[in-house]
Trainee: 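This is the structure I want to talk about, given as structure tokens.
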Amino acid sequence: MDAAAKLVDEQGLDELTFVGLAEEMGVEPAALYNRVSSMDALRAALTYRAFRELAQALRAATQGYSGDTAVVKLALAYRLYAQQHPGLYETLLRALRNPDAGTESAAGAIIELIADVLRDYGLDGDVAVHAARSLRSALHGFVALEVGDGFTLPQGVDESFESLVDLLLGGIHAIASETG
């Protein structure tokens, strides 16, 4: 899995083949079938790995923090994961387009983690779910554009990300003041 994840991050998900993976590992392609039954199974395993790693990164980044600091740490960790693992992040994009029970559960765990951060603002129940979805959607949209080279204007992308996080914090504060 480590070799497959490395290849996907370096070359892209569409470039992952058993031949290329076997070459990377120094084995015959047939030997890979002892570990994984098909390319679909390998891609699914990479997807679950990406969900786990992203959740771990977000959890580690926010542990011990609350409020605005936790939101900023979460946003930075989300972006950093996508930057460091563009191929694995791509598996998440594809999984969200065609979800199954496993990917819905894994995505739900990330939403729950984000909702936990938002509880510091007094948000809970449906309000917390909607706010968590909004926060995740904004971060997801930004990093998907960024890793896909979707930002072509000359203004700095880092500054745009900071602006996004500021806008999100303003929205969170507005929701918190309306419900509190």
Side-chain angles (χ1 to χ4, degrees), residues 1-17 20-21 24 39-40 42-65 68-100 102-118 129-172:
M1 288 307 296
D2 291 341
K6 179 179 178 255
L7 277 177
V8 165
D9 283 338
E10 290 174 354
Q11 300 175 5
L13 186 58
D14 290 332
E15 300 303 315
L16 180 63
T17 64
L21 181 56
E24 174 74 20
M39 185 55 68
D40 286 343
L42 179 58
R43 286 187 173 138
L46 287 171
T47 299
Y48 295 125
R49 177 187 178 130
F51 273 117
R52 280 191 313 274
E53 287 179 355
L54 177 58
Q56 289 169 348
L58 299 179
R59 195 174 298 108
T62 58
Q63 189 172 0
Y65 296 99
D68 290 359
T69 302
V71 171
V72 170
K73 297 276 188 185
L74 181 131
L76 292 169
Y78 197 102
R79 183 180 183 209
L80 183 61
Y81 183 82
Q83 289 173 333
Q84 290 179 338
H85 302 287
L88 287 174
Y89 193 78
E90 168 100 18
T91 69
L92 301 179
L93 297 175
R94 291 188 186 186
L96 295 172
R97 281 184 236 141
N98 298 304
D100 60 26
T103 56
E104 286 182 355
S105 175
I110 291 173
I111 289 290
E112 186 59 35
L113 196 150
I114 295 170
D116 285 345
V117 168
L118 296 175
V129 170
H130 297 313
R133 283 179 177 163
S134 297
L135 178 57
R136 179 171 167 245
S137 296
L139 295 174
H140 174 74
F142 189 97
V143 300
L145 285 168
E146 183 176 27
V147 300
D149 296 324
F151 294 124
T152 58
L153 298 175
Q155 289 78 12
V157 177
D158 290 341
E159 290 84 3
S160 293
F161 188 75
E162 290 173 16
S163 177
L164 172 69
V165 174
D166 288 344
L167 287 167
L168 292 169
L169 286 171
I172 292 167

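Just so it is clear, the structure is predicted and the values come from calculations on it, not from any experiment.
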Trainee: Please report the C-alpha distance between Val71 and Leu168 in whole Å, then the side-chain angles of each, then the deciding distance to 0.1 Å, and finally whether the side chain to side chain contact (heavy atoms under 4.5 Å, CB included) criterion is met.
Mentor: CA-CA 9 Å; Val71 171; Leu168 292 169; 5.6 Å; no
Trainee: Rounded to the nearest 0.5 Å, how far apart are CD1 of Ile110 and CZ of Arg59?
Mentor: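 One gets 9.0 Å once the value is rounded to the nearest 0.5 Å.
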Trainee: Write out all pairs satisfying side-chain hydrogen bond (donor to acceptor under 3.5 Å, both in side chains) with one or both partners inside residues 80-94, taking only residues at least two apart or from two chains.
Mentor: Asp9-His85, Asp14-Arg94, Glu53-Tyr81, Tyr78-Tyr89, Gln83-Glu146, Tyr89-His140, Glu90-Arg94
Trainee: Please enumerate all residues that pass ring pair (Phe, Tyr, Trp, His ring centres under 6.0 Å) together with Phe161, with sequence neighbours excluded.
Mentor: Phe142
Trainee: Tell me every residue that passes salt bridge (Lys or Arg N to Asp or Glu O under 4.0 Å) with Arg136, counting only those two or more places apart in sequence or in another chain.
Mentor: none
Trainee: To the nearest 0.5 Å, tell me how far Leu76 CG sits from Leu58 CG.
Mentor: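 It comes to 11.0 Å.
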Trainee: Excluding sequence neighbours, so at least two apart, what forms side chain to side chain donor-acceptor pair (under 3.5 Å) with Gln56?
Mentor: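 Applying side chain to side chain donor-acceptor pair (under 3.5 Å) to Gln56 gives none.
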Trainee: Which pairs with one or both residues in residues 148-162 pass side-chain hydrogen bond (donor to acceptor under 3.5 Å, both in side chains), sequence neighbours excluded?
Mentor: Arg79-Asp158
Trainee: Once side chain to side chain donor-acceptor pair (under 3.5 Å) is applied, do any residues pair with Tyr65, and if so which ones, sequence neighbours excluded?
Mentor: none
Trainee: Considering non-hydrogen atoms only, spot the tightest contact between Ala70 and Thr62 and give its length.
Mentor: O-CG2, 3.5 Å
Trainee: Between Val72 and Leu169, is the side chain to side chain contact (heavy atoms under 4.5 Å, CB included) condition met? List the steps.
Mentor: CA-CA 9 Å; Val72 170; Leu169 286 171; 4.0 Å; yes
Trainee: Can you tell if the side chain of Leu42 reaches within under 4.5 Å of the side chain of Leu21, non-hydrogen atoms only?
Mentor: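 Yes. Closest side-chain heavy atoms under 4.5 Å.
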Trainee: Can you give me the closest heavy-atom contact between Lys73 and Ala61, atom names plus distance?
Mentor: CB-O, 3.4 Å
Trainee: Minimum heavy-atom separation for Ala115 to Ala132, with atom names?
Mentor: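 That would be N-CB, 3.8 Å.
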Trainee: Can you name the nearest heavy-atom pair linking Leu164 to Ala138, along with the distance?
Mentor: CD2-O, 3.9 Å
Trainee: Nearest 0.5 Å, please: how far is CD in Glu24 from OG1 in Thr17?
Mentor: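 Thr17 atom OG1 to Glu24 atom CD measures 11.0 Å (nearest 0.5 Å).
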Trainee: For Val147 versus Ala82, what's the shortest heavy-atom pair and its separation?
Mentor: CG1-O, 3.4 Å
Trainee: I need the Leu7 CG to Glu15 CD distance, nearest 0.5 Å.
Mentor: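 The CD atom of Glu15 is 10.5 Å from CG of Leu7, to the nearest 0.5 Å.
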Trainee: Let me confirm one number: the CG-CG distance from Leu88 to Leu93, rounded to the nearest 0.5 Å.
Mentor: 11.5 Å
Trainee: Between Leu92 and Ala50, which heavy-atom pair has the shortest distance, and what is it?
Mentor: CD2-CB, 3.7 Å
Trainee: Is the closest side-chain heavy-atom distance between Asp116 and Glu112 below 4.5 Å?
Mentor: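 Asp116 vs Glu112: side chains touch.
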Trainee: Quick check: do Leu135 and Leu74 have side-chain heavy atoms less than 4.5 Å from each other?
Mentor: yes
Trainee: Return the CG to CG distance between Leu118 and Leu113, rounded to the nearest 0.5 Å.
Mentor: 10.0 Å
